[in-house]
Amino acid sequence: MSSLDVAEDELGEGFVFSEKPLGIESGEGVHLTGANGTEYLDFGASYACTPLGHCPPAVVDAIREQAAELLYVQGSYPVEARTELYGKLGALAPGDLRKVWLCNSGTEANEAAMKFARSATGREKIVAAKRGFHGRTMGALAMTWKRKYRAAFEPLAGGVEFVDYGDADELADAVDDETAAVFLEPVQGEGGVNPATADYLHAARELTEDAGAALVFDEIQTGLGRTGALWACEHAGVVPDALTTAKGMASGLPTGATLCADWLADEAGDHGSTFSGGPLVAAAANATLDGIVEEDLPGHAEAVGDYLHEELSAAVEEHDLGVREVRGQGLMVGIEVKRGSNRLLRDLALNHEVLALPAGRSVLRLLPPLVVEEAHVDAVVDALTEVL
Ligand SMILES: *Cc1c(COP(=O)(O)O)cnc(C)c1O
């Protein structure tokens, strides 16, 4: 209902998202409740944005308290919530990535990393991976592989070369003394849930170091505990020069961060954003990060992720479900099917009250809130067994 007093046919309508036939009214934990009272298990975590579940009380309280005190102040005035967030992110970052840039989305975090790398190296070329996804602004989109996302908007930012994901030899050929940065997701999300091997990430580290280029890990989907470690790069023991995070960092409020090594930050050039680290979002992020660490959600994600993987693989084998592969890490799971993923997702949602995500046409993607329990996994595996 609009509170504006205008005729029905004069009201605007959204046009970018193709909306699903389910209106959502509220959320709690791993569940969303629809307008008609139907309860859904949210195994997509609404694009991996609710690591602590929907409306986690500690985050809601932090938002209420901050809202009553100060909604917004420009980024050049220090404010406790933002200062605290800089501190926490630096402390949680892998290696020595202590310099923190705050923004409002994943694409902006990558856009910033791209700018910082060009500025610090004085070079133009960016190497990114086929099937990679880094966002939709003109810079981040230039590093995003899928033609469907790019074609209508070209020309994008130039200077990006794509290599096969996982092929260290091809990467070695592409990275040279004109390369500003290599951008990689440690597990490709949107591109089909494709984990990189530790060897590949090590090779990327050595090649960029030798070439004087920045290694940037896009951990927007893999980070904050999802893969069973706080950052997915920890599994391989590789520390990049910059790491980007976003999605669930503030439990669904718009945010993103670029964590940088000193050499990138010191020559970052001129960059900015009005809403960078606004107090309301920062308060939500602080409470979210506290929850992830205090409840050891990376450890929980590893344990429940293993359980999910085992139960799913067992069901696939037992019932001969026509699944090509179950893959992923922790609570980032891809199920490669033979038939179209969208039809299956629709069936899951409308007939089994389970929400999940696609990753391309043939992969179902599960990214549940990190607080899921084995009982939720059992329900989802049963639903998937029926749908498949
Ligand atoms: C979602 C995502 C992005 C883009 O984030 P937005 O907040 O939608 O701009 C970039 N990279 C990866 C790996 C993502 O999953």
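Both ligands and their constituent atoms are indexed starting at 1 by order of listing.
With respect to the salt-bridge test (charged N to carboxylate O, under 4.0 angstrom), the residues D290 and K88 qualify. Taking a cutoff of 4.0 Å between a charged side-chain nitrogen and a carboxylate oxygen, K99 and D262 qualify as a salt bridge. Taking the charged nitrogens against the carboxylate oxygens, E219 and R226 have no contact shorter than 4.0 Å, which rules out a salt bridge. E209 and R205 are joined by a salt bridge, as a carboxylate oxygen and a charged side-chain nitrogen come within less than 4.0 angstrom of each other.
Distances below 4.0 Å separate heavy atoms of S105 from the following atoms of ligand 1: 7 (O), 9 (O). The ligand atoms of ligand 1 that sit less than 4.0 angstrom from a heavy atom of D218 are 10 (C), 11 (N), 12 (C), 13 (C). Each of the atoms 15 (O) of ligand 1 lies under 4.0 Å from some heavy atom of Q221. For ligand 1, the atoms sitting less than 4.0 Å from at least one non-hydrogen atom of E185 are 13 (C), numbered in the order shown with element in parentheses.
Under 4.0 angstrom from ligand 1, there are no non-hydrogen atoms of R136. For F133, heavy-atom contacts with ligand 1 shorter than 4.0 Å involve the backbone as well as the side chain.
In terms of N/O distances under 3.5 Å, ligand 1 is approached by G106. Where the criterion is an N or O separation shorter than 3.5 Å, residue side chain and backbone included, T107 meets it with respect to ligand 1.
No side-chain donor-acceptor contact under 3.5 Å links Y307 and E373.
Side-chain contact between T288 and M249 is absent, with no heavy-atom pair separated by less than 4.5 Å.
For atom 2 (C) of ligand 1, the closest non-hydrogen atom of the protein is K247 NZ, 2.6 Å.
The main-chain N or O of A282 is found under 3.5 Å from a side-chain atom of N286 such that the two form a donor-acceptor pair.
Protein heavy atoms are absent from the 4.0 Å sphere centred on atom 8 (O) of ligand 1.
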